Amino acid sequence: MFPAAGLGTRFLPATKAQPKEMLPLVDKPIIQYGVEEALDSGIDNIIIITGRGKNSIEDHFDVSFELERMLEEKGKTDLLAVVREVSDMIHVSYVRQKEALGLGHAVLAAETMVGDEPFAVLLADDVIDAPVPVVRQMLDVYEATGASVVAVEKIPGDAISSYGVVRRAEGAQTFEPQQFLGPAFRISDLVEKPRLEDAPSDLAVVGRYLLTPAIFKHLRRVGRGAGGEIQLTDAMRTLAREEPVYAFQFQGRRHDTGDKLGFLQATVELALQREDLGAAFRQYLHGLRL
Ligand code: UTP
């Protein structure tokens, strides 16, 4: 499930008339990185939650007959393959969140489509470059524990105050990396945006969740929280009191592309990794007098 109905205010004015999920990192829209991660993790049913002004996301994953015909006529077979790969990629369903009432509200909008099954939530803004797709890493934890799993990352110092932070359950055993790609442990609580001195750990929640369908009941109950929005974190707190929820320290490098600096860093790092661009781009960067 890809909630993509937020307003993207941190990226204005670029996001005034286009979704932030469609901003390109090198030559692919941000959301495509997340969709590829899900597919590479073995998930083939994708739900994208959209809102007003998000039609370009649907168009991106749809077949573009005119473009394909033009590329065919011009004999541009390599570009044709790139374009077809996107529309052949997945079976996507779309749910519309009529009002941007929060991430929890967006997840709830897809309840009937998910049904009574565990599901993954990916926030496309968090682009994670990983040796094994992060959702795949998390599925290993889910398969061993049968519990909801939230991806966490160590955040040093004051920056922790911008995140949801996990509290380890008392006496919780840690599953060490020989079993998974990173440590995992049961949590008892999540604290949204704590001051550094109040933070229950230095592990912050990032945009990957595997959730049991019990979350929906909690989402219906929580009501509006911070910012007048229905918060996924609030529902996860009450879920964690009722059934096990695990934090998992994934292996990989995360870029917060919803943030301007994070977006620039992701662009540079991903471009440097590209076979077709990396060498020339590296040379260009070396030539900059910084
Ligand atoms: P953010 O907190 O990043 O908010 O949402 P935002 O509106 O997208 O961006 P900023 O902070 O204003 O720049 C986290 C995720 O939840 C989705 C967003 O699309 C994003 O993937 N979301 C948020 C919804 O789908 N619906 C909402 O009502 C709110």
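The first residue in the sequence is number 1, and the count goes up from there. Counting starts at 1 for both ligands and their atoms, in listed order. The structure displayed is predicted, hence computed values, not measured ones.
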Should the proximity of Asp125 to ligand 1, defined as any heavy atom under 4.0 Å, be assigned to the side chain, the backbone, both, or neither? side chain

Any side-chain donor near an acceptor of the partner, His105 and Gln231, under 3.5 Å: no

Would you say the side chains of Glu36 and Gln32 form a donor-acceptor pair under 3.5 Å? yes

Heavy atom of the protein closest to atom 20 (C) of ligand 1 (residue, atom name, distance): Pro3 O, 3.9 Å

Got an N/O contact under 3.5 Å between Leu7 and ligand 1? yes

Is the shortest heavy-atom distance from the side chain of Gln173 to the side chain of Phe185 under 4.5 Å? no

Enumerated ligand 1 atoms positioned under 4.0 Å from heavy atoms of Leu101: 28 (O)

Backbone N or O of Val132 within a donor-acceptor pair of the Gln137 side chain at under 3.5 Å? yes

In this structure, does ligand 1 have an atom that sits under 4.0 Å from one of the heavy atoms of Gly8? yes

Of the backbone atoms (N, CA, C, O) and the side-chain heavy atoms from C-beta on, which set of Glu21 has a member under 4.0 Å from an atom of ligand 1: side chain, backbone, both, or neither? side chain

Mind checking whether Val245 and Val205 sit in one hydrophobic cluster, side chains of I, L, V, M, F, W, Y counted as touching below 4.5 Å? yes

To check your reading of the model: name the closest protein heavy atom to atom 19 (O) of ligand 1, its residue, and the distance in Å. Gly6 N, 2.9 Å

Under 4.0 Å, heavy atoms only, figure out whether ligand 1 is touched by the backbone of Ala106, its side chain, both or neither. side chain

Under 6.0 Å between ring centres: does that hold for Phe263 and Phe11? yes

Distance col, row Arg254:CZ vs Asp256:CG, nearest 0.5 angstrom, shows 5.5 Å

Evaluate ring-ring contact (aromatic ring centres under 6.0 Å, His included) for Phe216 paired with Phe119, printing each intermediate quantity in order. CA-CA 11 Å; Phe216 292 121; Phe119 61 100; 5.2 Å; yes

As an exercise, identify every atom of ligand 1 less than 4.0 angstrom from a heavy atom of Ala100. 28 (O)

Considering both backbone and side-chain atoms of Ala5, is one of its nitrogen or oxygen atoms within less than 3.5 Å of a nitrogen or oxygen in ligand 1? yes

Tell me, do Val206 and Val150 make a side-chain contact under 4.5 Å, heavy atoms counted? no

heavy-atom search around atom 14 (C) of ligand 1 in the protein gives Leu123 CD1, 4.2 Å

Considering only protein heavy atoms, which is closest to atom 13 (O) of ligand 1, and at what distance to one decimal place? Arg10 N, 2.7 Å

Please report which non-hydrogen protein atom sits nearest to atom 12 (O) of ligand 1, along with the residue it belongs to and the distance in Å to one decimal place. Thr9 OG1, 2.5 Å

Top protein contact for atom 16 (O) of ligand 1, by heavy-atom distance: Leu103 CD1, 3.5 Å

In the complex you have, is atom 10 (P) of ligand 1 within reach of the protein, judged by whether a heavy-atom distance drops under 4.0 Å? yes

Using a 4.0 Å heavy-atom threshold (strictly under), name the region of Lys20 that reaches ligand 1: side chain, backbone, both or neither. side chain

Taking the side chain as every heavy atom from C-beta outward, state whether Val268 and Leu285 have any atom pair closer than 4.5 Å. yes

Flag for Arg186-Thr145: side-chain donor and acceptor within less than 3.5 Å: no

Exercise: do Glu243 and Thr212 side chains pair donor with acceptor under 3.5 Å: yes

Is the closest heavy-atom distance from Gln97 to ligand 1 below 4.0 Å? yes

What do you reckon, does Ala124 have a nitrogen or oxygen under 3.5 Å from a nitrogen or oxygen of ligand 1? no

Sub-4.0 Å heavy-atom approach of Ile49 to ligand 1: no

Close side-chain approach of Tyr209 to Met236, heavy-atom, < 4.5 Å: yes

Below 4.0 Å from ligand 1: does a non-hydrogen atom of Gly102 turn up there or not? yes

Does ligand 1 come near enough to Glu99 that some N or O of the ligand is less than 3.5 Å from an N or O of the residue? no

